[in-house]
Amino acid sequence: MDINVAADREQWWPGAPTIDLNPQGRTQNKKYRALVPVLPTLDRWLRAEYATFMDLKPEDRAGRGWLVNYHGRPVQDVDRAWDAMLTKLGLPKGRDWRSYLLRHSVATLARNRGATKWDLEGFMGHSDGSQTEVYAIGEFPSVVTALTGILPTLNVLPPVHCTEPAPNSQTPQRRPE
């Protein structure tokens with residue numbers, strides 16, 4: 001979860017349509033880190049973290065501004081943090097509940113909502129699709145459209161995952177805002 005709102009990392013700034021998952025100074029390797037579109041939910045999260053970061057005195061900002069953090073510091077072990085989250089939410093642990101499941105699920109949902117192969121390959125950071133992706137950095141409009149259409153679905157929890165499902169209800173419950 002290497003996302004930071006600090007200007008020196010050159011990953012994101014307020015109003016940016018994308019976030020660069022490859023921070024300034026990090027060498028790009030075979031594990032390609034793509035530009036990701038900033039949808040409204042992510043934009044609100046980024047802006048909130050940015051506001052918190054900017055409220056700090058300049059001398060207190062070093063090492064801060066991490067989007068996913070533990071008491072303001074970057075998460076050192078994503079798998080351990082993921083397991084802690086699953087435990088806190090009362091969800092099962094195991095291979096079927098790893099964070100990459102989200103990546104696969106989002107790709108499937110985006111494809112099923114009309115994301116083009118070209119956009120989805122670029123969005124996912126897959127270099128196999130075409131060497132052109134290395135040179136032609138896209139904004140992935142069909143992925144943005146697909147993911148924007150998915151957001152209302154993602155903001156609803158199925159009753160099986162609610163801590164207190166509505167009695168006799170088959171309707172998914174909305175997460176508290």
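Just so you know, these numbers use all the heavy atoms, side chains as well, and skip hydrogens, waters and symmetry mates. The chain is numbered in sequence order, starting from 1.
- Counting only distance, with no hydrogens or angles, the side chain of Ser142 and the backbone of Thr116 share a donor-acceptor pair below 3.5 Å.
- For Tyr50, the OH atom is loosely surrounded, since the number of other residues' heavy atoms within 6.0 Å does not exceed 12.
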Go through it in stages, so that I can follow the logic: the residues are Ile3 and Leu46, the test is side chain to side chain contact (heavy atoms under 4.5 Å, CB included), and I'd like the CA-CA distance, side-chain angles, deciding distance and then a yes or no.
CA-CA 9 Å; Ile3 300 171; Leu46 286 163; 4.3 Å; yes
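- Rounding to the nearest 0.5 Å places CE of Met85 at 15.0 Å from CZ of Arg80.
- With hydrogens and angles disregarded, no donor-acceptor distance shorter than 3.5 Å links the side chain of Gln11 to the backbone of Ile19.
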Before you tell me yes or no, could you show the steps for Trp12 and Val38 under side chain to side chain contact (heavy atoms under 4.5 Å, CB included), namely the whole-Å CA-CA distance, both residues' side-chain angles and the distance that decides it to 0.1 Å?
CA-CA 9 Å; Trp12 175 86; Val38 176; 3.9 Å; yes
Derivation of the side chain to side chain contact (heavy atoms under 4.5 Å, CB included) call for Trp45 and Leu67
CA-CA 8 Å; Trp45 189 9; Leu67 188 62; 3.6 Å; yes
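- Distance check, rounded to the nearest 0.5 Å: CZ of Arg61 to OG1 of Thr52 gives 11.5 Å.
- The side-chain heavy atoms of Leu56 and Arg64, taken from C-beta on, include a pair separated by under 4.5 Å.
- Evaluation of the side chain to side chain donor-acceptor pair (under 3.5 Å) rule for Arg47 yields Asp43 as partners, not counting sequence neighbours.
- Atom CG of Asp83 is separated from atom CG of Leu91 by 11.5 Å, given to the nearest 0.5 angstrom.
- In this structure, Pro37 and Val144 approach most closely via the heavy-atom pair CB-CG2, 3.3 Å.
- When every heavy atom of Ala107 is checked against every heavy atom of Leu120, the shortest pair comes out as O-CD2, 3.6 Å.
- Separation of atoms CZ (Arg111) and CG (Asp119) is listed at 10.0 Å; rounding is to 0.5 Å.
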Please report the C-alpha distance between Lys57 and Asp60 in whole Å, then the side-chain angles of each, then the deciding distance to 0.1 Å, and finally whether the side chain to side chain contact (heavy atoms under 4.5 Å, CB included) criterion is met.
CA-CA 5 Å; Lys57 295 177 188 169; Asp60 294 335; 3.8 Å; yes
